[in-house]
Every structure is written in C-alpha cells, then in structure tokens.
Protein chains: 2
Amino acid sequence: MAPDRNRRRIPDATVSRLPVYLRILGEQADEGVESISSEGLAELAGVNAAKVRKDLSYLGSYGTRGVGYEVAYLVYQIRRELGLTHDWPVVIVGAGNLGQALAGYGGFGERGFPVAGIVDIDDAKVGTVLGGTRVRHIDELPQIVATRRVNIGVVATPGAAAQDAADRLVKAGVTSILNFAPVVLSVPRAIEVRKVDLAVELQILSYHEQRRAGGAIHAVQNGNGRSASA
Amino acid sequence: MAPDRNRRRIPDATVSRLPVYLRILGEQADEGVESISSEGLAELAGVNAAKVRKDLSYLGSYGTRGVGYEVAYLVYQIRRELGLTHDWPVVIVGAGNLGQALAGYGGFGERGFPVAGIVDIDDAKVGTVLGGTRVRHIDELPQIVATRRVNIGVVATPGAAAQDAADRLVKAGVTSILNFAPVVLSVPRAIEVRKVDLAVELQILSYHEQRRAGGAIHAVQNGNGRSASA
DNA sequence: AGGCACTCGTGCACACGTTCACAAAGCCAG
DNA sequence: CTGGCTTTGTGAACGTGTGCACGAGTGCCT
C-alpha cells in the first residue's frame, strides 16, 4: 500500500494555516519560483520557520534537505490534503447586504467554491439576479442542495433568522456551515460550523485600543520594526 | 486605591469570548432576565461553564455564590473592559462589493462602531453614496482620520491593493486594522491587525468535508445530539 | 571522493488554554 | 441560628500549540 494513507490527524492550528501557505505558494508559482525554503515561506506567511516545517511535516516529508520545498509539488499536496482537488459548491441563505456581496464577489468561484444558489425567504427578493445567480425562494433549498450536491451552506441572514436558516440547511443535507450571523447556532454534532462575526472582531480591536489608551505610560510610540501580521 | 486597577492582562482566548457573552447578556437583559448562572450563560454561548467562570474571573469577582451574576452589572463590566463605553469610529478603505456591504450594513453603528468615512482610489466610485456615507477619495484619508479621531481602519480592497491601503492607514495614524483582503499585511509592531479571510474559512470546511468523505467507514450518520457551536 | 554549507524533520521544554473538582461563600427554610 | 442547598472562584491536572536546537540528509565545490 501507499507509505501511509491519510489516517494522520492534522492539528486544527495547522489546518488553519495551510490555506495561507497555499495562497502564497500559488503566488510564488505564478512568479516562476520553483523552490522555496521553510524560512522563505515563513517570512511571507508571517510566522516562524520551525512552525512552517512542523506544519508541512504533517503532510509527509515533501521537502529536500539542503534545498527546500518544490513549490508545485507542495501546492499539489496541500490542495489534496485540504480536499481542493475538486470544487465544493456552496449555497447562500440570505440575499441581504452581505449575501449580495458574497454572491457578487467573484473570488468564490475562482477558489473552488462556486455559488450553486442563493435563497431568501422574502418574495420581494426572489427573482432578482446577483452575480449571475438568480435568487430563489428558501423552500427550494432542499432541491438545490440535492441536485447540485452541495455540502457547504453559508448563513448570511440577520441574527433572528439564522437558526431557522441553519435548521433548513441541515435538514436539506448540508454538513458544513459558515455562519456570518451574530448568533451561536445549535446544530447536530456531526455538522461542522465556523463563525465569522464582524462585531466580535471590532470589539477585540476595541479592547486593545482601550488598553493602549487607559494603561501604559510607556505608550508604544516606536514607529518601526515591521512585523508581518496574519 | 481601588482593589485592583486594570493592570491584569486578559488572555487572548478570553478576550475573543467576551463579545459573545456580552451579546447574549444584552439579549437576556432585553428579555427581562436579571440574573444568570455560569451554567446558563455557558449553555447560551455554547461553551463550558468552568470556562465562563474563569473568563469572568479575569474581570474581577462580580458574581454572587449560590446565586449567579447580575446581568446588568456584568454587561457594564464587560463593556468597560472591552472599551465599549464610547464609540470607536472606523474608516473603510475600498468601496467594492465588500466595502459597500459593510457601509450599508447598519449593525456597525448600532454596536458602537460608526462609519466615519469610506474611501476608494477609483475616481469613478468617489461621490457615490453608500449607507448614508459619501465615498471620498483615498487622498482624503489623513484628514478623515484626524478630524474624526479614527483609530480603527478596515481594509476592504482587492488583495493587490491591500498593502498600500494598510500603509496609508498607518501613515494617517490608525492603530488597529481589520483586514478582509487575502494577504498578510506588513505593518509596524505597534499596530494591531486582525484578519478575516473567507477563502480560508471555506478551505477549512473543505478539509473537514474531504476528511469525512475520504476516511472513516464509520461515516457519522447519527443525526442527533445537538451541540451549540460557536 | 571528501568536505562543507545548507535546510529539513523532530525531540524536547515551555507557554497557553481547557476542564475537573472542591472549598468558600451566600441564601433560605424552619 | 443552624443546616442544607446552590453556585462561584480557583488550584491543579491535562491537553494542545509553539519555538528552540540539533541530528540527519542533500547538493555543490574542489
């Protein structure tokens, strides 16, 4: 059999960095770079070189000592591990401000996540066209999920409607959800949920600003010493 | 002096959960709930009760044993700790799909982060009105930041323009940045950067989907056992 | 062929975060 | 006032993630 089949579990922290490496490697490939060292990649990703090596070691030993990593091969391996060897169509629930922006944003399809459909509960919105996709009624959700083989749903509704949206997605057969609504979704254990909450992000920044202002006499004034920040 | 002035450092993990508690407590207050236990709050936030207690203990001892926490007081304390006692105006760079959605989304101002301005480098977009705010040219950024006392900038440009946007924000005097562009920003150490990357989130979901499909014979079929997921 | 410079892969120690478990503290009933 | 019930606050154990430091390969140059 193959040396080791994919039974190794990759730590969450690593999984969340692999997409960053992948994007950078893609850019490097476009620029004609064929080989890259852990230190070079680390610099571009804004992380520690040892971390890069450890992260990549979970995929297997795909580097060459004394040389570095072959960019194209590494791209292939990361894509394979992340399941990006084929497209994952997504369905968007909610055609408000955010849903429209998401549907209109081309970057989705380009990166392997084509919008299979966008639905809303409001009849006034149904029928309008967003980014080449016609808004359909939420009752058509099961059909869209089934015929387009959708596994990933995006909740882009107001908070009050989010749990209902999630329930419908789950019932329709979706197994992963990306939630933009500011609520904690309650779903069966087997469903993977990730949350993006703008208010939370801003409040975290607010905490640091407040701390800066309220506390230290040694208010950080030193302008320089650049550091890459994820 | 006061028992202990705010010189305790709150762990990052806790800071990122406080906004969630805050929102839930606000909702509870609106429903007339006056007191809540760590277990009740934990349930609503989808976390462990011990974690809630430890998180809240970093703010001080604001609970009452045998009873729980007084909702209104806790709201006040969390808001104070997060620096939400006053508004933090934000400036948005980039009036594309995302920038428009952010400006149009009312929830920003409501939560204490009014949009002080939105700028773009494209003259064609300057002058259009989004969510009550007129788009101005990016050259006006320093003026907006100065006159409106803006500390927080939002980068909503395409990837290629993001570093320039960040540079301009920093030069204008912004000290925190929320970055939606899929690039690692290089900024002075003193600047706090948080990143929101949709492609990364989707790719993480893809990883789990791929794992589900490729691996286990014991494909998780058990429909129930609800769990709250952040 | 041998030595040297370079870079990966990883064992190990440390830091951070989570969870358990329990004493301390408050409330209430009788 | 006492005893019992509830819930907080936190010490301690555990698990996960990070970063150093170094052995082990690899390629290049002489």
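Given the structure is predicted, the values throughout are model-derived calculations rather than measurements. We use all heavy atoms of the structure for the numbers below, so side chains are in, but hydrogens, waters and symmetry mates are not.
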Exercise. Looking only at heavy atoms, which two atoms of B:Ser37 and B:Tyr69 are closest? And how far apart?
Worked result: C-CD1, 4.5 Å

Exercise. Charged N to carboxylate O under 4.0 angstrom, A:Arg168 versus A:Asp164?
Worked result: yes

Exercise. Are B:Leu198 and A:Leu102 close enough, and set up right, to give a side-chain contact (heavy atoms from CB on, under 4.5 Å), and what steps lead you there?
Worked result: CA-CA 9 Å; B:Leu198 307 190; A:Leu102 294 176; 3.4 Å; yes

For this session: Among the candidates C:dG26, C:dG17, C:dA21, find the nucleotide nearest to the side-chain atoms of B:Thr64.
Result: C:dG26

Exercise. Minimum heavy-atom separation for B:Ser176 to A:Glu209, with atom names?
Worked result: OG-OE2, 2.7 Å

Exercise. Minimum heavy-atom separation for A:Pro19 to B:Val200, with atom names?
Worked result: CB-CG2, 3.9 Å

Exercise. Does the side chain of B:Arg17 get closer than 4.0 angstrom to OP1 or OP2 of C:dT18 through an N or O atom?
Worked result: yes

Exercise. Tell me: CD of A:Glu39 to P of C:dG9, nearest whole Å?
Worked result: 15 Å

Exercise. Quick one: does B:Tyr62's side chain get under 4.5 Å of B:Glu70's, heavy atoms only?
Worked result: no

Exercise. Given atom CG of B:Asn48 and atom P of D:dT8, what is their separation to the nearest angstrom?
Worked result: 12 Å

Problem set entry | A:Ile191 side chain near A:Leu169 side chain, heavy-atom distance below 4.5 Å | no

Exercise. Mind checking whether A:Tyr76 and A:Tyr73 have parallel, tilted or perpendicular rings, split at 30° and 60°?
Worked result: parallel

Problem set entry | Nearest-angstrom distance from the residue atom CG of A:Asp55 to C1' of D:dT16 | 13 Å

Seminar exercise, completed: Of B:Lys54 and A:Tyr58, the one whose closest nucleotide on DNA chain D sits nearer the 5' end is B:Lys54

Got a list of protein N/O to nucleotides 28-30 of chain D N/O distances below 3.5 Å?
none

For this session: Figure out the CG/P separation between B:Asp12 and D:dG17, and round it to whole Å.
Result: 16 Å

Seminar exercise, completed: Among the nucleotides D:dG9, C:dG9, C:dG17, whichever has the atom closest to the side chain of A:Ser61 is C:dG9

Problem set entry | Value in whole Å for how far the C1' atom of C:dC8 lies from CG of A:Leu56 | 10 Å

Exercise. Can you name the closest pair of heavy atoms from B:Val20 and B:Ala45 and give their distance?
Worked result: CG1-CB, 4.3 Å

Exercise. Do B:Leu59 and B:Leu56 have side chains that get closer than 4.5 Å, going by heavy atoms?
Worked result: yes

Exercise. Under 4.0 Å between a side-chain N or O of A:Ser38 and OP1 or OP2 of C:dC8?
Worked result: yes

Exercise. When the C1' atoms of the five terminal pairs at each end define the local axes, what inter-axis angle does the helix from C:dA1-D:dT30 to C:dG30-D:dC1 show, to 10 degrees?
Worked result: 0°

Exercise. For the pair made of CG in A:Leu74 and C1' in C:dT7, what is the distance, rounded to whole Å?
Worked result: 14 Å

Seminar exercise, completed: A:Arg53 has its side chain closest, among D:dT10, D:dA21, D:dG17, to D:dA21

For this session: Name the residue closer to the 5' end of DNA chain D, choosing between A:Lys51 and B:Arg65 according to the nucleotide with the nearest heavy atom.
Result: B:Arg65

Exercise. From C:dT19, C:dG17, D:dT8, pick the nucleotide closest to the side chain of B:Ala50?
Worked result: C:dT19

Exercise. Of all the nucleotides listed (D:dT8, C:dC8, C:dC27), which has the minimum atom distance to the side chain of B:Val67?
Worked result: C:dC27

For this session: Could you check how far OH of B:Tyr69 sits from P of C:dG26, rounded to whole Å?
Result: 14 Å

